[in-house]
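Remarks on the structure that follows.
Protein chains get the first letters and strands the later ones, always in sequence-line order, with residue 1 at the start of each.
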Amino acid sequence: EDDELSHDEL
Amino acid sequence: MNILRLAGDMTHLISVIVLLLKIHSIKSCAGISLKTQELYALVFVSRYLNIFTDFISLYNTIMKLIFLGTSFSIVWYMRYHKIVRRSYDKDQDTFRHYFLVLPCLILALLINERFTFKEIMWTFSLYLEAVAILPQLVLLQRTKNTDNLTVQYIFLLGAYRALYILNWIYRYFTEPDYLHWITWISGLVQTILYGDFFYYYFLSWKNNVKLQLPA
C-alpha cells in the first residue's frame, strides 16, 4: 500500500 | 537530520518564542497581524493531521505539539486576553485572509502528490504557509512605529524558510530519491515574498536606523 507519503519535515 | 534543517527548525521556534515573549511580557501585540496568526494556526492543524497516526521521531512529535500549542495561544491572546487584545491594530489589519484560503484549497485539490485526504490537507498547508505572511507584511508597511521585536519576529520567520531551502538542496544531493517539487516551489515562493522585507531589513541594519517599509 503506497497511499501514504512520509513527511519527516515540519 | 542535517544541521541546516535543525537550524531552520530552531529559527522557526525562536521566532515563535520572540513573539510570545513580546505578547506575554509587555502585554502588547501591536504591529502583529491576527490574520497571519490565524492562518498559521490553520496551517499547523491541516499539516499535522498525521501527528498521532505516523510516528516519525520524538523530536518531530514534540515540535509539532509546540507549533500547534503556540500558534493557538497567540491567537487566543490576541483575541481574548483582556489587556493584550486592546493593543491589536484592528483597523490596520484589514487583509482579506479568507481569500487566501480557498485558492490554496483548490490548488491543493488540483496539484498534489496523492489524492488522499491527509495528503491534500498537507499540500494545502504548504500553499497556505507560503502566502500566510502577506497580511503581516501589509500591516508592517502601514505601521509607522514598528517595534524591534516585531521586526525580529518577521526576520526570523523569513530566515527559517531560507534555511529550509538550503536543507532541501543538501538533501537533494545527499539522499537518493529525495524529490519534493511541491514543497520546494511553495517554500521558494514563501521566501521570495520576504525578499522586499529582507532588503529593507539589511538597509536599516547597515544604516543603524529603525526599519520602515516604504508605502
Do side-chain atoms of B/Arg47 reach the backbone of B/Ser125 as a donor and acceptor pair under 3.5 angstrom? yes
Using the side-chain hydrogen bond (donor to acceptor under 3.5 Å, both in side chains) definition, which of the options B/Thr123, B/Asn50, B/Thr53 pairs with B/Lys118? B/Thr53
Under 4.5 Å from a heavy atom of chain A, the part of B/Phe117 involved: neither
How about residues 168-177 of chain B versus chain A: which residues have heavy atoms under 4.5 Å apart? B/Trp168, B/Arg171
Any chance CZ of B/Phe55 has more than 12 other-residue heavy atoms, nucleotides or ligands included, within less than 6.0 Å? yes
Of the listed residues (B/Lys64, B/Met1, B/Arg5), which shares the most heavy-atom pairs with chain A below a 4.5 Å separation? B/Arg5
Look only at the side chain of B/Asp9 and the backbone of B/Leu6, and say whether a donor-acceptor pair between them is shorter than 3.5 Å. no
Going from CG on B/Leu19 to CD on B/Gln152, what distance comes out if it is rounded to the nearest 0.5 angstrom? 12.5 Å
Proximal component of B/Phe44, with respect to chain A [non-hydrogen, under 4.5 Å]: neither
Smallest separation among heavy atoms of B/Arg142 and B/Gln92, with atom names: NH1-O, 2.5 Å
Could you list which of residues 158-166 of chain B have a heavy atom closer than 4.5 Å to any heavy atom of chain A, in residue-number order? B/Tyr164
Counting distance only, does the side-chain N/O of B/Thr36 pair as donor-acceptor with the main-chain N or O of B/Gln136 below 3.5 Å? yes
Which class fits the ring pair B/Phe155 and B/Phe198: parallel under 30°, tilted 30 to 60°, perpendicular over 60°? perpendicular
Run the salt-bridge test on B/Lys22 and B/Asp147 with the 4.0 Å N-O cut-off and return the result as yes or no. yes
Between B/Asn2 and B/Asn167: side-chain donor-acceptor atoms closer than 3.5 Å: yes
Measure across B/Leu157 and B/Ser15 and return the closest heavy-atom pair with its distance rounded to 0.1 Å. CD2-OG, 3.7 Å
